[in-house]
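Down below is the structure, laid out as structure tokens.
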Amino acid sequence: MGLASGVARASQAAGHSPVSRVKIKPMNKDYFFCGVGGSGMLPLAMIVQAQGNRIAGSDRALDQGRTPDKFDWLRAHGVALHPQDGSGVTRVDQIVVATGAVEDTVPDIGAARRVGATIKTRPQLLSELFNAAPTSIGVAGTSGKSTITGMIAWVLDRAGRKPTVVNGAVMKNFADADHPFASALVGGPDLFVAEVDESDGSIARYDPTVAVVSNISLDHKSMEELRDLFGGFVGRATTAVLNLDNPETAALAQELAPGKAITFALGEEEADLSAHDLQPLPTGMRFELRARGEAPRAVVLNVPGAHNAANALAALGAVKALGVSVDDAVAALETFAGIRRRLEVVGTQNGVTVVDDFAHNPDKIAATLKTLHAFDGRLLILFQPHGFGPLKLMKSEFIEGFAGLMRQDDVLLMPEPVYYGGTTDRSVGSEDIATGVREAGRRAEALATRADCGDRILELARPGDRVVVMGARDDSLSSFAAELLARL
């Protein structure tokens, strides 16, 4: 069975309309994805396979024995897997797809150059597919992209619009036990929805019908670069959906011609869509939705946190731009099940709850801590940084964020950042962050390995605690969280 039919089966199992294959002439090309198991690559491979192409790939995680279930699933769905040693790239007619940041020292890329195969970056290929669709929604911003993309996908699917969707995370509404990696939705050729990345500058490649920008803040690039990239992205769109609560996106809204922007905000009467009277629920949020010119509506979400209320407003703005009624969109959002690894409760054992979360930059970490602190209980925070570069770039922001939002009895535990080799400045490590947090009066420890952090959590944990496992770029974090729960 191919990836596309697997997604269709998952869609049917989830209890909604079947998802059709992309109805275009089969291409019958050979694609080789370098890093095929990655959160960005796997959904793109799904879409490309659905177009009738043959898929092969390699992955360092496969070579290192990490996340074996994912690679077993890929094999079962028609993907030929090879070691990441160049042995899978042997012909000039192969199209080798690499991440935007791949180094030429990667054996697959070296092999592609030797045989004369075409090399494309993931953003290049995704933007080509995206721009070819008559109608497109690009979801951008420092945080919230995957959730907003998932919300839009669910609303459009429920509305019968058959979107093709590429997301950077698993959308729970489209997943089942047999098909757990539903980070793509294979729909029709006329409507394409994608999470768009600014960290590598590739946002400049996308020409969206609807441009959604959740927020703009320091992450991978300087603010000057980010303003240029987001400004261009919004400028090329027919309609922009922009957050008035964020000063940078609010500034973008001021620069657009009248009628081009749909704005949203929490508690801001001037926005086209606004949320009021926010009430945290144990597993979600309740708020009053006010849409300009319409009667207020009560909305209940099954995903927690004020940031998810804002994400819902962004999704509502995007689908509104395509003519979906607010009532239909709200009804769909109330059954939105969330995104894998976004404040995902793994379980509770002996009074201790384990939460798995993708938070990896100061904004995402702040949203997670604020949401968890809406309810009582100490937090034991394991934060695995996703690289040495971001840690150095945002050292002060990480320290200020943790120190400002942790309570007196919370504990931060940090292993060293994710490092899979290559050239990078490793001058700032986890101990630098932990020291800064301690100097600000909060409890923080940097330990040599993640396993050491796990052992320390077991020593500290007591009934009523919440353990939150934070980090990105490492799928094994979910396995670690599950193992931690079992050990509790």
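For clarity, every value in this text was computed on a predicted model and none was experimentally measured. Index from 1, following the sequence.
- Side-chain contact between Leu301 and Leu333 is present, with at least one heavy-atom pair separated by less than 4.5 Å.
- Few gaps surround NZ on Lys70; more than 12 heavy atoms of other groups in view lie less than 6.0 Å from it.
- Side-chain contact between Trp154 and Val165 is absent, with no heavy-atom pair separated by less than 4.5 Å.
- Between the side chains of Asn167 and Ser183, no donor N or O sits under 3.5 Å from an acceptor N or O.
- Residues forming a side-chain contact (heavy atoms from CB on, under 4.5 Å) with Pro83 (at least two apart in sequence, or on another chain): Asp63, Asp85, Ser87.
- Every residue two or more places apart in sequence or in another chain that forms a side-chain contact (heavy atoms from CB on, under 4.5 Å) with Thr135 is listed here: Leu191, Thr209, Leu322.
- Here Gln84 pairs with Ser58 under the side-chain hydrogen bond (donor to acceptor under 3.5 Å, both in side chains) rule; sequence neighbours left out.
- In this structure, the side chains of Asp30 and Arg91 come closer than 4.5 Å at one or more pairs of heavy atoms.
- Using a 4.5 Å heavy-atom cutoff, the side chains of Val115 and Thr90 are not in contact.
- Between Thr121 and Val97 there is no side-chain heavy-atom pair separated by less than 4.5 Å.
- For residues 125-134, every residue pair satisfying the salt bridge (Lys or Arg N to Asp or Glu O under 4.0 Å) rule, not counting sequence neighbours, is listed here: Lys120-Glu128.
- With no hydrogens or angles considered, no side-chain donor-acceptor pair links Asn243 and Asn246 at under 3.5 Å.
- Of the charged side-chain nitrogens involved, none lies within less than 4.0 Å of a carboxylate oxygen, so that Arg450 and Glu416 do not count as a salt-bridged pair.
- Between Leu273 and Ile262 there is a side-chain heavy-atom pair separated by less than 4.5 Å.
- Neither side chain, Thr149 nor Glu195, offers a donor N or O lying under 3.5 Å from an acceptor on the other.
- The salt bridge (Lys or Arg N to Asp or Glu O under 4.0 Å) contacts involving residues 33-46 comprise nothing, where partners must be two or more places apart or lie in separate chains.
- Within the structure, every pair that satisfies the side chain to side chain donor-acceptor pair (under 3.5 Å) test and touches residues 229-239, not counting sequence neighbours, is listed here: Asp207-Arg236.
- In the model, Asp356 has a side-chain atom that pairs as donor or acceptor with a side-chain atom of Ser478 under 3.5 Å.
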